[in-house]
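Single-structure report; data block below.
Keep in mind the model is a prediction, meaning the values are calculated, not measured. Atoms considered below: every heavy atom in the structure, side chains included; atoms not considered: hydrogens, waters and symmetry mates. Letters go in sequence order (proteins before strands), and every chain restarts at 1.
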2 protein chains.
Amino acid sequence: MPRGPHWFHRRIRGYGCRLTLPRQRILEVLSRSSKHLSAEEIYHRVHQVYPAIGLTTVYRTLEMLVSGAMVMRFDFGDGRTRYELIKDQGALTSHHHLICRVCLKIIDCEEFTGDERDYLKSIEKKLSKKYKFEIREHQTRFYGVCDKCKKEVTDYAKR
Amino acid sequence: MPRGPHWFHRRIRGYGCRLTLPRQRILEVLSRSSKHLSAEEIYHRVHQVYPAIGLTTVYRTLEMLVSGAMVMRFDFGDGRTRYELIKDQGALTSHHHLICRVCLKIIDCEEFTGDERDYLKSIEKKLSKKYKFEIREHQTRFYGVCDKCKKEVTDYAKR
DNA sequence: TTGGTAATGAAAACCATTTTCAATAAGGAG
DNA sequence: CTCCTTATTGAAAATGGTTTTCATTACCAA
Ligand SMILES: [Mn+2]
Ligand SMILES: [Mn+2]
Ligand SMILES: [Zn+2]
Ligand SMILES: [Zn+2]
C-alpha cells in the first residue's frame with residue numbers, strides 16, 4: 001500500500017509535531033525523488049521551489065522523520081548519510097541493497113519472494129533464541145560490481 | 001583456519017608495503033582486542049605499549065589494511081567508523097551482525113549453518129542474473145533490542 | 001484573533017577524518 | 001654491514017558533514 005502526502009501529514013501531527021511549510025516541501029522531495037538522497041541533495045531540491053529553506057532545517061526534519069519511523073537512514077560509506085522515505089511498511093522490516101564497490105551505486109532490491117522472507121524469519125527466530133535478542137527488522141547488503149563498472153573494466157583490459 | 005601475526009606480516013610485505021613498528025603494534029591490538037574498534041580506540045590501546053604512535057598513522061594503516069583485504073570497515077551509525085581484522089576468510093564473504101537499537105551494542109553472528117549459507121548463495125545467483133550485478137560478498141544486519149536493554153525497559157515499567 | 005511555544009535559518013561550533021610537510025627509518029643494492 | 005632511496009611517520013592545520021546556538025518567525029489550540 002503506497003502512501004501519499006496526506007498520510008505523512010497525519011503521521012507528523014500524530015507524532016506531536018507541527019506541520020510546517022519546510023516539512024511539507026521536504027516530504028514532497030522525498031516522495032518524488034530517487035531513493036537514498038543525502039541531506040545536501042534534499043536541500044538543493046527543496047531550494048528550487050522554496051529558496052528560504054535552510055540546511056539546518058533539512059537535518060532537523062530528517063532527524064524527526066527517522067525517529068518517527070517515516071524515513072530510513074543509511075550509511076553506505078561515501079561520507080554522507082542517506083535517507084529514504086518509507087512508503088511501504090514491508091520495506092521497514094526487510095530492506096535489501098546491492099552496492100557497487102567501484103562506483104558506490106546503490107540498487108534497491110525489493111524482489112525478495114515470500115519464500116525468501118519466510119526463510120529469513122526462521123533464521124531470525126533462531127538467532128532471537130540464541131542471543132535472547134528481540135529482532136525487529138533486518139537488512140542485507142550485497143557488495144560487488146555493477147553491470148556498468150564490469151563493462152568499463154573489460155574495456156580497460158582491451159586497450 | 002585462524003591466522004597469526006606472521007601471516008599478516010607476510011601479507012603486508014606481499015602487498016608491497018613496509019613492515020613498520022607502528023603497523024605491527026596496530027595489528028597486535030586488532031588481533032587481541034574485541035571486535036569493531038574505532039580508530040581512536042585502537043590509537044589508545046597502541047599508545048599503552050607504543051606511546052610514540054600518532055592517530056594519523058592509525059588511520060593510514062587501517063586504510064591500507066582495508067584496501068589489502070586484511071581488515072573490514074563498518075559504519076553502524078554511531079558517528080565513527082569501526083574496524084575488524086579478517087582472521088577467517090569465510091567472514092569476508094558472509095558476515096552478519098545483531099545491532100541493538102537502544103545501546104548500539106554489536107554482536108557478531110557467525111552461526112550461519114551450511115544450509116543458511118547455501119540459501120543466501122542461491123538468492124545471490126538470482127539477483128546476479130536479474131541485475132547483471134557480480135556479487136562478491138554479503139552482510140546482514142539484524143536490528144532490535146538486546147537482552148540487557150530489554151530487561152532495563154521491563155525494570156523501568158515496574159517503577 | 002491571539003498567545004505560547006515549537007520551529008526556523010544564519011552563523012558558529014563540533015569533531016571524525018584527511019592533508020601537509022619536514023623528519024625518520026625500512027629494507028634493497030652494493 | 002653500510003649507504004641511499006623513498007615509503008612512512010607524527011604534529012599541526014585543514015576539511016567537511018553535522019550539530020548547536022540564538023534571535024526571529026509562524027503554527028495552531030484556545
Ligand atoms: Mn533502500
Ligand atoms: Mn563483525
Ligand atoms: Zn558500479
Ligand atoms: Zn542494548
What is the distance from CZ of A:Arg23 to C1' of D:dC28, rounded to the nearest Å? 13 Å

How long is the line joining CD1 of A:Ile12 and P of C:dA7, in whole Å? 10 Å

Under 4.0 angstrom, heavy atoms only, what part of the nucleic acid is B:Arg60 near: base, sugar-phosphate, or nothing? base

Between A:Lys121 and A:Glu124, is there a salt bridge with N-O shorter than 4.0 Å? no

Measure the distance from CZ on A:Arg73 to C1' on D:dT18 and round it to the nearest whole Å. 10 Å

Quick note, B:Glu40 side chain, CB onward, closest among C:dT17, C:dG27, C:dA16 is C:dA16

From OH of A:Tyr43 across to C1' of C:dT8 the rounded distance in Å is 13 Å

Both conditions, 6.0 Å and 45 degrees, for the charged tip of B:Arg101 above the ring of B:Tyr143: are they met here? yes

Whole-Å distance between C:dA6 C1' and A:Glu63 CD? 16 Å

Would you classify B:Arg18 as touching base, sugar-phosphate or nothing, given that sugar-phosphate means primed atoms plus P, OP1 and OP2, and contacts are heavy atoms under 4.0 Å? base

Could you state the CG-P distance from A:Asp75 to D:dT18, rounded to the nearest angstrom? 8 Å

Contact class for A:Thr56 vs. all strands (heavy atom < 4.0 Å): base, sugar-phosphate, or nothing? base

Does A:Arg13 have a side-chain nitrogen or oxygen under 4.0 Å from the phosphate oxygens OP1 or OP2 of D:dA29? yes

Out of C:dG9, C:dT17, C:dA26, minimum distance to the side chain of B:Thr20 belongs to C:dA26

Would you call B:Glu63 and B:Arg73 a salt bridge, using N to O less than 4.0 angstrom? yes

Heavy-atom nearest nucleotide on DNA chain C taken for B:Gly79 and for B:Cys17; more 5' hit belongs to B:Gly79

Please give, in whole Å, the distance from C:dT24 P to B:Ile53 CD1? 17 Å

What's A:Tyr50 touching, base or sugar-phosphate or nothing? Going by heavy atoms closer than 4.0 Å. sugar-phosphate

With a 4.0 Å limit, can you tell me whether B:Ser38 has a side-chain N or O closer than that to the phosphate oxygens OP1/OP2 of C:dA16? no

In whole angstrom, what separates B:Ile42's CD1 from C:dA16's C1'? 14 Å

Whether B:Tyr59 contacts C:dT18 is assessed here as follows: a side-chain N or O lying under 4.0 Å from the phosphate OP1 or OP2. Is that the case? no

Tell me what B:Thr81 touches on the nucleic acid: a base, only sugar-phosphate, or nothing, going by heavy atoms under 4.0 Å. sugar-phosphate

Salt bridge check, B:Arg136 against B:Glu134: does any charged N sit closer than 4.0 Å to a carboxylate O? yes

Between A:Glu137 and B:Arg141, does the salt bridge (Lys or Arg N to Asp or Glu O under 4.0 Å) criterion hold? Intermediate values first, please. CA-CA 8 Å; A:Glu137 70 252 26; B:Arg141 296 176 179 202; over 6 Å; no

